[in-house]
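The block underneath contains the structure these notes are about, expressed in structure tokens.
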Amino acid sequence: MPRKKNPAPFTTEEAADLFARLAQDRPEPKTELDYTSPFTLVVAVALSAQATDVGVNKATKGLFAAADTPEKMVALGEDAIRDHIKTIGLFRNKAKNVFALSQKIIDEYGGEVPASREALETLPGVGRKTANVVMNEAFGEPTIAVDTHIFRVSNRTGLAPGKTPFEVEQKLEAITPPEFLKGAHHWLILHGRYVCKARKPDCPNCPIADLCRYEDKTVG
DNA sequence: ATCCCGAGGG
DNA sequence: CCCTCTGGAT
């Protein structure tokens, strides 16, 4: 996976070009996780850590049928929650977190999912990445949540290289044209999931290959 | 730095 | 078999 030693940083024009093409491919930015409310979104995103959205949707179908509000989730109980999500990795920790965050939303936020990143991050199992996704998807904030896909794509392409997700997030927010800020997270995610894949990037079919700093464009 | 941890793909 | 998947808490 060789890269050029000193790839030239992306110019604002190149970044605008890049997002324009990704946006053209995928016009409507929206998560592929199934949810019907801010609460079910928080749960779905919390469950999505180190798991595929397909697997999460499979598990939340039954879970949300049994409980789609904090009150019902607490009533359902940790053991039953765990039973619903056993097919997802890290299910023990996640069941504990879903139960505890539901209880906390009731006790400290009046039963409503708080609409700030700082408050969201106080919920068990919710860190900066999950909070950013919820702020964007449920509350319309132009946040860019840096997950495994965006971290990889940002570094591999040279769009926003960084050693930590936070550093990548800051560079992305700096270089992304305002009109693409809201959808940047989603477009980068989809690009990483279906084209700029971790193991074998599909460079021959990549719409931004000519802008990319990644050296090897033919073999994964 | 380490742990958690099932399903799917190659 | 090995790697990856919308990370977070300790």
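Quick note on labels: first sequence line is chain A, next is B, and so on, each numbered from 1.
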Passes salt bridge (Lys or Arg N to Asp or Glu O under 4.0 Å), Asp53(A) versus Lys58(A)? Steps please.
-> CA-CA 8 Å; Asp53(A) 61 329; Lys58(A) 197 178 300 182; over 6 Å; no
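Side-chain nitrogen and oxygen atoms of Arg152(A) include none within less than 4.0 Å of the OP1 or OP2 phosphate oxygen of dT4(C). The side chain of His149(A) contributes an N or O atom lying less than 4.0 Å from OP1 or OP2 of dC5(C). Arg193(A) has no side-chain polar atom (N or O) that falls below the 4.0 Å cut-off from OP1 or OP2 of dC5(C). One finds a side-chain N or O of Lys58(A) lying less than 4.0 angstrom from the OP1 or OP2 phosphate oxygen of dG8(B). A sub-4.0 Å separation between OP1 or OP2 of dT4(C) and a side-chain N or O of Thr52(A) is absent.
Counting atom types as modelled, Thr148(A) pairs no side-chain N or O with a base atom of dT4(C) as donor and acceptor under 3.5 Å. Arg199(A) contributes a side-chain N or O that forms a donor-acceptor pair with the base of dC3(C) under 3.5 Å.
Regarding Arg92(A), its CZ atom lies at a distance of 18 Å from the P atom of dT10(C), rounded to whole Å. Atom NZ of Lys197(A) is separated from atom P of dC3(C) by 18 Å (rounded to the nearest Å). One interatomic measurement links the two molecules: CZ of Arg82(A) to C1' of dC4(B), which rounds to 13 Å at whole-angstrom precision. We find that OH of Tyr35(A) is positioned 14 Å from C1' of dT6(C), with the value rounded to whole Å. Rounded to whole Å, the distance from CZ on Phe91(A) to C1' on dC5(C) is 17 Å. Ile150(A) places its CD1 atom 14 Å from the C1' atom of dG7(C), with the value rounded to the nearest Å. Atom CG of Asn93(A) is separated from atom P of dG6(B) by 12 Å (rounded to the nearest Å). Distance Leu90(A) CG to dT2(B) P: 17 Å, rounded to the nearest Å.
Here Ala198(A) lies in heavy-atom contact (under 4.0 Å) with sugar-phosphate atoms only. Contact annotation for Thr130(A): backbone-only contact, meaning every heavy-atom pair under 4.0 Å involves sugar-phosphate atoms and none involves a base. Looking at heavy-atom distances under 4.0 Å, Ile88(A) makes contact with sugar-phosphate atoms alone, never a base. Among the protein residues, Leu123(A) comes within range of the sugar-phosphate backbone only, with heavy atoms under 4.0 Å from sugar or phosphate atoms but none that close to a base. Nucleic acid contact class of Lys86(A) (heavy atoms, under 4.0 Å, all strands): sugar-phosphate only. If you check every strand for non-hydrogen atoms under 4.0 Å, Gly125(A) touches sugar and phosphate atoms only. Heavy atoms of Val126(A) sit under 4.0 angstrom from primed sugar atoms or phosphate atoms, though from no base atom.
Ion pairing between a basic and an acidic side chain is recognised when a charged N comes within 4.0 Å of a carboxylate O; Glu137(A) and Lys182(A) show no such pairing.
Using atom P as the reference point in both dT10(C) and dC5(B), the two lie 15 Å apart (nearest Å). Taking atom P on both nucleotides, dT6(C) is separated from dT2(B) by 25 Å, rounded to a whole Å.
Minimum atom distance to the side chain of Ala49(A) is reached by dG7(C), of the listed dC4(B), dT6(C), dG7(C).
Where Pro124(A) and Ser48(A) each meet DNA chain C at their nearest nucleotide, the meeting point lying more 5' is that of Ser48(A).
Under the 30°/60° scheme for interplanar angles, the aromatic rings of Phe180(A) and Phe19(A) are found to lie parallel.
When all heavy atoms of Ala160(A) and Val168(A) are compared, the closest pair comes out as O-CG2, 3.6 Å. Between His185(A) and Thr143(A), the shortest heavy-atom distance links the atoms CB-O, 4.2 Å.
Atom NZ of Lys61(A) has 12 or fewer neighbouring heavy atoms from other residues, nucleotides or ligands inside a 6.0 Å radius.
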